[in-house]
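Start at 1 and go down the list; that is how both ligands and their atoms are numbered.
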Amino acid sequence: MQEDKGALPLKEKFSEWYNDILWQAEIMDVRYPVKGLYVWFPHGFAIRKATYAILRELLDKDHEETLFPLLIPEHEFMKEAEHIKGFEEEVYWVTHGGTSKLDVPLALRPTSETAIYPMYALWVRSHADLPIKLYQIVNTFRYETKHTRPLIRLREITSFKEAHTVHATWEEAESQVKDAIDLYRAFYEKLCVPVIVSRRPGWDKFPGADYTIATDVIMPDGKTLQAGTVHHLGDHFSRTFDITYEDPEGEQQYAYQTCYGISERCIAALISTHGDDKGLVLPPAVAPVQIAIVPIFMKKREEEIRTEAEKLEKELKDAGYRVKTDYRSLRPGAKYYHWEMRGVPLRVEVGPRDIDNGVVMTVTRFGEKMTVARDRLIPEIQTIMETFTTQLRTRAEQKAQERIVAVSSLEEAREAANNGVAVIQWCGCEECATTLETEIDVSVLGTDVQSEYIDDTAGRCIICGKPACPAIIARTY
Ligand code: A5A
Ligand code: ZN
């Protein structure tokens, strides 16, 4: 366990704060001796477990979970031209088995289209086999050349959730894209993390897709993080991998596909959105410890206080909470600090006076204190937790909203993008986007923005003055 060693840098210095919190809140150990590879501390992994349980629960409603191999034979990987072009600089190759050179080099999956689709070609026979909706949660490897960062840009992505679906028509695939976006929205809603959904410009779509819809999160330094993408693959892959089905008239047809992915970037978004100068702040839904009980010992009544803490713990656990009682022989203040750093939503204190008065003292991670009658414990705690979740969500939404600004000049756009997302009018042509991106050092994130904070009225391009639609631009991770 990490020693509690003092305060975090202020959150305004975001990248220092981020590196420090990963260490002090015991999320990732960055000392593994390979660039871009990191180790989950058990506490970080427990957050991951709770977070991915939510993702799994949402997916399991109408998807099935599966597991495909990590290694992909070169000839399969090399089938889809655009896909190869998009990934060739990022693939790790296995070329040897022991000292012998392999006949067929094997790619470590950077994503699993080329592992899964040859099997889909065997599995899909008739229209009755469709739709297929599978997902897996696996590690994938990408030889990233941009600056690597824990949870954000990894060379081994340890927690890559990828879903791959097959449909009879383009329209059905499109409707799946919408369902997937709804699913990602529901997921981030549970994490109380506001997301902006938009359609990526053509040059930024997934290699081999018809189009890509992305969910972006605004980080505390104003840069955005792409924290999930949904791709309409059209029939590009079904034509290369020969995924066909017999329609009701007995004709062979190419299938239409989608895929969508989320990685541990969702944990980066979670930590960064909610954390503060005292450490992590976690929504109860994903907090590994939801309630920390701190007994306030007094020499003469130690036994009695211990018994009461044990009783409290049992009651709260029976009510379904993840609870930890801190019996360490430390000052109460040191214990408070410890649990605050780890993002525990609620602290419950039991001292001699509380026992005498038939109450317990509760303190939320926001520092709000409330005395709760001992015999009303469970219903009161439930209300406190629900209120806390709502406050957390509202706080995050307000911060996001403040960082999204509609602008009408390049100067304003530069300023807005320095602090978050600028909404501009853009005609859609690549030339104007390049001008924008070079003039003010931003990326065009996308169009068709679906956000209650963004007005979707059309206007005139900020660069060329032609008819235009709203687009969002930002500095990105
Ligand atoms: N097959 C599809 C799903 C796919 O691979 N899409 S993707 O390339 O866009 O990746 C899905 C998501 O994984 C991205 O939206 C991004 O949030 C995350 N991701 C991509 N590269 C990553 C990296 N090097 N480290 C961490 N997360 C990454
Ligand atoms: Zn233009």
of all protein heavy atoms, closest to atom 17 (O) of ligand 1 is Gln226 O, 2.8 Å

Ring centres of Tyr120 and Phe241 under 6.0 Å apart? no

Quick one: which ligand 1 atoms are inside 4.0 Å of a heavy atom on Ile157? 21 (N), 22 (C), 23 (C), 24 (N), 25 (N), 28 (C)

One residue to check: Arg265. Relative to ligand 1, which of side chain, backbone, both or neither has a non-hydrogen atom less than 4.0 Å away? side chain

Proximity to ligand 1 by part of Tyr260, non-hydrogen separation under 4.0 Å: backbone

N or O contact, Leu154 vs ligand 1, cut-off under 3.5 Å: yes

Tell me whether the centres of the aromatic rings in Tyr38 and Tyr32 are closer together than 6.0 Å. no

Considering only heavy atoms of Glu113, which atoms of ligand 1 have at least one such atom less than 4.0 Å away? 1 (N), 2 (C)

Mind checking whether Glu144 has an N or O less than 3.5 Å away from an N or O of ligand 1? yes

Would you say that more than 12 heavy atoms from the other residues, nucleotides or ligands in this model lie under 6.0 Å from the CD of Glu57, or not? no

Which residue supplies the protein heavy atom nearest to atom 27 (N) of ligand 1, what is that atom called, and how far is it? Ser263 OG, 2.8 Å

Would Cys427 count as a contact for the Zn ion (ligand 2), in the sense that one of its N, O or S atoms lies under 2.8 Å from it? yes

Tyr256 ring center within less than 6.0 Å of His232 ring center: no

Going by heavy atoms, is Ile152 under 4.0 Å from ligand 1? yes

Salt bridge check: are Asp276 and Arg365 linked by an N-O gap of less than 4.0 Å? yes

For Arg155, which part has a heavy atom under 4.0 Å from ligand 1: side chain, backbone, both, or neither? neither

Under 4.0 Å, heavy atoms only, figure out whether ligand 1 is touched by the backbone of Glu264, its side chain, both or neither. neither

Residues which pass side chain to side chain donor-acceptor pair (under 3.5 Å) with His43, listed by chain and number, not counting sequence neighbours: none

Just checking, any donor-acceptor pair under 3.5 angstrom between side chains of Glu162 and His164? yes

Just to confirm my output: which protein heavy-atom neighbour is closest to atom 21 (N) of ligand 1, and how far is it? Arg142 NH1, 3.3 Å

heavy-atom search around atom 6 (N) of ligand 1 in the protein gives His231 NE2, 3.0 Å

Among Arg199, Lys223, Arg200, which one satisfies salt bridge (Lys or Arg N to Asp or Glu O under 4.0 Å) with Asp216? Arg200

If we count only N and O atoms by modelled type, under 3.5 Å, do the side chains of Asp29 and Trp23 hold a donor and an acceptor together? no

So, is Thr111 polar-close to ligand 1, with some N/O to N/O distance under 3.5 Å? yes

Do Thr244 and Gln253 meet the criterion of a side-chain donor-acceptor pair at a distance under 3.5 Å? no

Atom 4 (C) of ligand 1 - nearest protein heavy atom and its distance: Phe206 CE1, 3.4 Å

In ligand 1, which numbered atoms sit nearer than 4.0 Å to a non-hydrogen atom of Gly261? 3 (C), 11 (C), 12 (C)

I need the SG(Cys464)-the Zn ion (ligand 2)-SG(Cys461) angle, rounded to 10 degrees. 100°

In terms of its nearest heavy atom to atom 13 (O) of ligand 1, the top option of Phe141, Phe160, Tyr135 is Phe160

Taking only heavy atoms of Arg153 into account, list the atoms of ligand 1 that are under 4.0 Å away from them. 25 (N)

Would one find an N or O of Glu162, backbone or side chain, under 3.5 Å from an N or O of ligand 1? no

Could you check, using the six-membered ring where one of them is a Trp, whether His83 and Phe206 have ring centers closer than 6.0 angstrom? yes

Pair Arg475 + Glu437: basic N to acidic O under 4.0 Å: no

For atom 11 (C) of ligand 1, the protein heavy atom that lies nearest, with its residue and separation: Thr229 OG1, 3.4 Å

What pair of heavy atoms forms the shortest contact from His236 to Thr240, and how long is it? O-OG1, 3.0 Å

